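See below for the structure under consideration.
Numbering of ligands and ligand atoms starts at 1, following listing order. Atom set for the values below is all heavy atoms of this structure, side chains included, hydrogens, waters and symmetry mates excluded. Values in this document were obtained by computation on a predicted structure and should not be read as measured data.
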Amino acid sequence: MQVRNVRSFSAAKADAVIVGMYPRTRAAAGTAAVTKALGGWVGGALEAAGFEGESGQTTTLPNPTGSGPQTVVVVGLGSDLDVESLRQAAGYGRRVLPDRVRTIATTLHRIDLDGAATAVLEGLAFADYVFETYKSKSETRADLTVELIGGPSDVETLAQAAAAVSDMVWFARDLVNEPPKGKPPLELAERVANVAAGAGLSHEIWSGDELHENKMAGLLAVGGGSDRPPCMLRLEYSPRGAKQHLVLVGKGIVFDSGGINIKSTEFMATMKSDMAGAATVAAGVIAMARLGVKTKVTAYLALAENMPGGGAQRPSDIITYRNGTTVEVGNTDAEGRLVLADALCLAAEGDADLIVDVATLTGATKVALGPKIAGIYARDADLAERVLHAADSAGERAWTLPMPTDYRKWNESNVADVKNSFGTRYGGGIGAALFLEEFVSDKPWVHIDIAGPAFVDDTEHYILKGGTGYGVRTLIELASSMAG
Ligand code: BES
Ligand code: ZN
Ligand code: ZN
């Protein structure tokens, strides 16, 4: 994304301009320059188009004058505009314009909200996403250029920050949208490690014997049924002067067939997205490095493929973890918690001030909260609140779900310390969170279940159907808040 400041509407070289409008008052926000250039506000035309200014509404008008952008896109700002609905308005604006429009002017950044310009740039960039790797007729697109009419003087800094975030949201989406064939665990690890190295992060990959030596029981058990072996990727971002250490853990199941407890057609269809947690933590830590966030961050990506091959684990198998805990595998489709447990053991051994895991963990959390909201689970209500606050500030939706201690008995096993499944579908997200708790010792820890928002069926504002990159912004916000 290129961003430049232009003095006036008529100085803009863009093909189109996106302006905003509030409902009822019909007053446009930050559009005075455009209004003037058009020889008066376009109220009559808007009325004719039935445009009310509600959020999500858009209308496209031709510019009758010869100067400036020839297309005017008016986006509704709704009655309670905040930075997130502004980000969405920018997304709606980008999406009504054809993809071939590569230069867009706007006045939306002039709305009087903290962070307005960054949100507008993000909304435009997120909505500009395409996944065309496998389209035989795709053409290379020019970078998107945004002209901020009467933009701020620190436009360069803003542009860099918005690009750090949007590049990494794109990266997370690319990884999730990649078909499973194109992302064997080791190749995925190398692809992520290369991008991370480009941002100055160090990394380490454990595979084969190293997994055995380090007692990565979950990865070995889950990955055993696939011809494409599992691995653990550790990324580290260690900025000078950091006072706090955030440890991130991501579920990276490149395809979840269910294993021997194989899934039905309907539920298997989107399971290339089961590595979204890993994509989110990787994209998040790389973005933090690009932004220069002053928090030390370690990320563990537990990467495996859950397949029902000859080497697959069987229901009723028992595995022994690095921390000594034994687990009875009640259901091979509850594989996420098995691989996360390996990473959580590692996380709990270090000096983490906070451990956060991100995972497409349970259908139950998706049933509870639907496709737009993530579930936050923590033993400590204040910690849950902290992560919820980060999500709110980032404009990502989340909700706290409980971890009642009397439900711990669900995970009891007759033959091992714990079991990875239990006899009821109800409260499945909670049972999974209580299972993970067994591996974090007494460390401050929060679990984010992104089974709903990681991958969606519908396009809306800056979110396109498929991988969403959900969680990247929440993690950045959280790491930034830890830097003080
Ligand atoms: N990857 C799934 C959870 C999931 C479901 C993610 C829908 C995204 C959308 C997970 O591995 C799984 O299969 N969980 C089971 C657990 C059960 C077998 C105990 C579930 O939630 O049904
Ligand atoms: Zn599963
Ligand atoms: Zn899964």
Side-chain angles (χ1 to χ4, degrees), residues 176-177 180 183 185 218-219 221-226 230 249-280 301-308 312-317 327-343 357-375 377 401 407 410-413 418-436 447-458 465-468 470-471:
V176 170
N177 289 333
K183 51 183 174 189
L219 281 170
V222 172
S226 169
V249 166
K251 170 178 174 182
I253 300 298
V254 299
F255 186 71
D256 182 9
S257 71
I260 295 297
N261 295 110
I262 200 158
K263 285 180 183 293
S264 61
T265 306
E266 184 194 347
F267 292 112
M268 209 189 293
T270 58
M271 283 301 125
K272 69 173 183 181
S273 67
D274 213 22
M275 35 57 73
T280 298
L301 280 68
L303 303 168
E305 181 167 47
N306 191 20
M307 296 288 275
Q313 62 176 339
R314 294 144 289 249
S316 77
D317 272 348
V327 173
E328 179 190 357
V329 179
N331 190 320
T332 62
D333 196 12
E335 83 299 337
R337 65 201 79 179
L338 297 179
V339 302
L340 287 171
D342 285 331
D357 78 78
V358 186
T360 47
L361 201 62
T362 62
T365 299
K366 185 173 179 177
V367 168
L369 299 174
K372 298 189 186 184
I373 305 174
Y377 298 85
L401 292 163
Y407 286 11
W410 291 358
N411 291 318
E412 281 171 7
S413 163
V418 278
K419 192 172 172 180
N420 78 333
S421 68
F422 39 84
T424 170
R425 285 184 296 129
Y426 305 118
I430 297 173
L434 290 166
F435 178 91
L436 298 178
H447 158 57
I448 311 180
D449 192 331
I450 59 167
F455 192 89
V456 297
D457 298 331
D458 299 309
K465 67 171 112 176
T468 59
Y470 178 96

What do the steps show when you test H447 against D357 for side-chain contact (heavy atoms from CB on, under 4.5 Å), and what is the final call?
CA-CA 5 Å; H447 158 57; D357 78 78; 2.6 Å; yes

Which atoms from ligand 1 have a heavy atom of A451 less than 4.0 Å away?
6 (C), 8 (C), 9 (C)

The one among M271, K251, K366 that brings a heavy atom closest to atom 4 (C) of ligand 1:
M271

For T360 against A454, the heavy-atom pair lying closest together
CG2-CB, 3.7 Å

Given K251 and D274, is the salt bridge (charged side-chain N to carboxylate O under 4.0 Å, His left out) satisfied, shown in steps?
CA-CA 7 Å; K251 170 178 174 182; D274 213 22; 3.1 Å; yes

Can you tell me if R425 contacts ligand 1 (heavy atom of the residue under 4.0 Å from the ligand)?
no

Any side-chain donor paired with an acceptor under 3.5 Å for T365 and D449?
yes

Are side-chain heavy atoms of T332 and P315 found at a separation under 4.5 Å?
yes

When you look for heavy atoms under 4.0 Å from ligand 1, do you find them on the side chain of I253, its backbone, both, or neither?
neither

Test item: V254 and P180 side chains (from C-beta on) under 4.5 Å apart, heavy atoms
no

Going by heavy atoms in the side chains, are F255 and M268 under 4.5 Å from each other?
yes

Pick from S273, G363, G330: the one approaching atom 22 (O) of ligand 1 most closely through a non-hydrogen atom
G363

For atom 15 (C) of ligand 1, what's the nearest protein heavy-atom neighbour? Residue, atom name and distance, please.
D333 O, 4.2 Å

So, of the N/O/S atoms that E335 has, which is the nearest one to the Zn ion (ligand 2)?
OE1

At their closest point, which heavy atom of A279 faces which heavy atom of V176, and how far apart are they?
CB-CG2, 4.1 Å

Restricting to N/O/S atoms, is D274 within less than 2.8 Å of the Zn ion (ligand 2) or not?
no

Can you check whether M271's main-chain N or O pairs, donor with acceptor, with D256's side chain at less than 3.5 Å?
no

Of the protein's non-hydrogen atoms, which lies at the shortest distance from atom 2 (C) of ligand 1, and what is that distance?
D256 OD2, 3.6 Å

So which atom in A432 and which in L361 form the shortest heavy-atom distance, rounded to 0.1 Å?
CB-CD2, 3.6 Å

What is the closest protein heavy atom to atom 1 (N) of ligand 1, and at what distance does it sit?
D274 OD1, 2.9 Å

Presence of N, O or S from D333 under 2.8 Å of the Zn ion (ligand 3)
no

If you count the atoms of ligand 1 from 1 in the order shown, which ones are under 4.0 Å from a heavy atom of E335?
11 (O)

Going by the 4.0 angstrom heavy-atom rule, the piece of N331 near ligand 1 is side chain

I'd like to check which ligand 1 atoms, numbered from 1 as shown, lie under 4.0 Å from a non-hydrogen atom of R337.
16 (C), 19 (C)

Any F455 side-chain heavy atom under 4.5 Å of N177 side chain:
yes

Closest protein heavy atom to atom 14 (N) of ligand 1, given as residue, atom name and distance to 0.1 Å:
L361 O, 3.6 Å

Restricting to non-hydrogen atoms, name the atom on K419 and the atom on F435 that form the minimum distance, rounded to 0.1 Å.
O-CD1, 3.5 Å

State whether L361 contributes an N/O/S atom found under 2.8 Å from the Zn ion (ligand 3).
no

Considering both backbone and side-chain atoms of N420, is one of its nitrogen or oxygen atoms within less than 3.5 Å of a nitrogen or oxygen in ligand 1?
no

So which N/O/S atom does D256 have closest to the Zn ion (ligand 2)?
OD2

Per-atom filter on ligand 1: closer than 4.0 angstrom to a heavy atom of K263 are 2 (C), 12 (C), 13 (O)

